[in-house]
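Handing you this structure, nothing more for now.
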2 protein chains.
Amino acid sequence: MKLGDGHRMTPQRREVYEVLMEHPDHPTATDVFMRVKERMPAISLATVYNCLDTLSGAGFIIQVNVDREPSRYCGNLAPHGHFHCEKCGTVLDVQLKEGVQASKAVKLPRGAVVERFEVAVRGYCPQCVRKQKIESSRSA
Amino acid sequence: MKLGDGHRMTPQRREVYEVLMEHPDHPTATDVFMRVKERMPAISLATVYNCLDTLSGAGFIIQVNVDREPSRYCGNLAPHGHFHCEKCGTVLDVQLKEGVQASKAVKLPRGAVVERFEVAVRGYCPQCVRKQKIESSRSA
DNA sequence: TCCTTATCAATAATTATTCTAAATAAAATT
DNA sequence: AATTTTATTTAGAATAATTATTGATAAGGA
Ligand SMILES: [Mn+2]
Ligand SMILES: [Mn+2]
Ligand SMILES: [Zn+2]
Ligand SMILES: [Zn+2]
């Protein structure tokens with residue numbers, strides 16, 4: 001993996017990247033920090049932030065924002081949307097259906113240039129919905 | 001306008017709401033603060049935050065998040081997406097084309113319950129694109 | 001009226017993130 | 001190889017947006 005721009009693939013960057021690939025669960029910077037620390041105890045949170053920034057700047061990973069919550073990071077480079085569970089906080093990749101793209105989905109102002117298109121769905125994940133149902137049936 | 005829940009429509013809340021309706025340009029909390037302050041010099045930024053929170057909690061306005069930037073607020077309750085200009089920071093409402101809704105646009109995990117569906121487009125607004133073109137043609 | 005709840009504004013605190021500065025390391029140049 | 005330059009890491013300080021706390025004030029209901 002080359003980073004370009006005179007950026008080097010350092011051990012820290014490699015670990016950060018590996019961790020993201022091993023567990024594609026959209027961890028936060030702090031999550032990544034804790035995971036990398038297991039194998040590289042001397043690493044600092046600031047370095048993890050730097051690595052995540054460099055890697056996303058170079059296009060190897062994507063920064064995913066969930067409202068005002070801490071940013072999460074995603075190694076899936078295919079176009080996709082995100083589902084955020086409001087109960088348990090899980091973030092899942094969701095595939096965009098065929099033909100769902102900026103120019104098709106919204107009426108863009110004439111002359112605008114599109115750089116990015118984001119689709120986010122918020123709600124309750126199947127697991128949380130199931131639990132909720134069980135609880136409400138018990139109290140009924 | 002009733003807020004429900006025992007929440008009152010106070011003068012501060014009314015001003016905050018009015019300001020949002022007068023200029024539907026997706027102002028930040030600080031923008032709203034500055035605008036309200038003109039007519040209500042004693043108001044504090046914290047109160048503006050409280051009002052924005054109460055109003056969005058009650059569903060009268062929508063909190064719009066632009067990456068990690070400060071939240072913006074929108075009085076347009078119709079379903080719509082947002083276009084963010086990466087050059088000048090403008091946030092524009094964009095209409096969703098017919099049939100663009102969560103269940104149609106993405107392959108949701110089976111059993112998930114949708115609460116919200118957000119579409120964001122990032123890029124350069126027509127004005128910035130025009131300026132850019134003029135500049136590049138001048139230097140060419 | 002008395003009691004409860006809601007609100008406001010000031011300020012402190014929190015949180016995520018970025019910046020600073022010194023130390024280290026790799027790459028490029030001599 | 002030695003020197004110079006550039007990139008990187010780290011710890012800790014700083015920042016910016018937002019939230020929580022608190023004490024004072026104001027409604028609303030019994
Ligand atoms: Mn993803
Ligand atoms: Mn809007
Ligand atoms: Zn869940
Ligand atoms: Zn613009």
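Only this structure's heavy atoms are used, side chains among them; waters, hydrogens and symmetry mates stay out. Numbered from 1 within each chain, the chains take letters A, B, ... in sequence-line order.
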So, does B/N76 use its side chain to make a donor-acceptor pair with the main chain of B/A78 at under 3.5 Å?
-> yes
Check every strand shown and say whether A/S71 touches a base, only sugar-phosphate, or nothing at a heavy-atom separation below 4.0 Å.
-> sugar-phosphate
For B/R8 and C/dT7, what is the distance between atoms CZ and P respectively, to the nearest whole Å?
-> 5 Å
Take A/H26 and A/D93 through the side-chain hydrogen bond (donor to acceptor under 3.5 Å, both in side chains) test and state the conclusion after the steps.
-> CA-CA 9 Å; A/H26 304 89; A/D93 284 347; 2.8 Å; yes
Picking from C/dC8, D/dT18, C/dT11, which would you name as closest to the side chain of B/L45?
-> D/dT18
Would you please confirm or rule out a distance under 4.0 Å between OP1 or OP2 of D/dT10 and any side-chain N or O of A/T47?
-> yes
Would you mind telling me which of D/dT18, C/dC8, D/dT10 lies closest to the side-chain atoms of B/Y49?
-> D/dT18
Whether B/R110 side chain and A/P126 backbone form a donor-acceptor pair below 3.5 Å | no
Tell me which of B/P11 and A/T28 sits closer to the 5' end of DNA chain C, going by the nucleotide each one is nearest to.
-> B/P11
Picking from C/dA9, C/dT7, D/dT18, which would you name as closest to the side chain of B/H7?
-> C/dT7
Testing D/dA27, C/dA10, C/dT17 for proximity to the side chain of B/R68, the answer is C/dT17
Please report, rounded to the nearest Å, how far the P atom of D/dT8 is from the CG atom of A/L55.
-> 11 Å
Indicate, with a heavy-atom threshold strictly under 4.0 Å, whether A/E69 touches base, sugar-phosphate, or nothing.
-> nothing
Rounded to whole angstrom units, what separation is found between the CG atom of B/D67 and the P atom of D/dA17?
-> 15 Å
Whole-Å distance, A/N50 CG to D/dT10 P, equals 9 Å
Starting at CD of A/Q12 and ending at C1' of D/dA7, how long is that distance when rounded to a whole Å?
-> 12 Å
Picking from D/dT18, D/dA20, C/dT17, which would you name as closest to the side chain of A/P70?
-> C/dT17
Using a heavy-atom cut-off of under 4.0 Å over every strand shown, decide if B/T10 touches base, sugar-phosphate, or nothing.
-> sugar-phosphate
Between atom CE in B/M9 and atom C1' in D/dA26, what is the gap in whole Å?
-> 17 Å
Do A/E135 and A/K87 meet the salt-bridge criterion of a basic N to acidic O distance under 4.0 Å?
-> no
Roughly, in whole Å, what's the span from CD1 in B/I43 to P in C/dA9?
-> 5 Å
Are A/R13 and D/dT8 close enough that a side-chain N or O sits under 4.0 Å from OP1 or OP2?
-> yes
Could you give the CG-to-C1' distance, from A/L52 to D/dT8, as a whole number of Å?
-> 15 Å
Pair A/N50-A/T47, side-chain donor/acceptor within less than 3.5 Å | no
So what does B/D53 hit on the nucleic acid, given a heavy-atom distance under 4.0 Å: a base, only sugar-phosphate, or nothing?
-> nothing
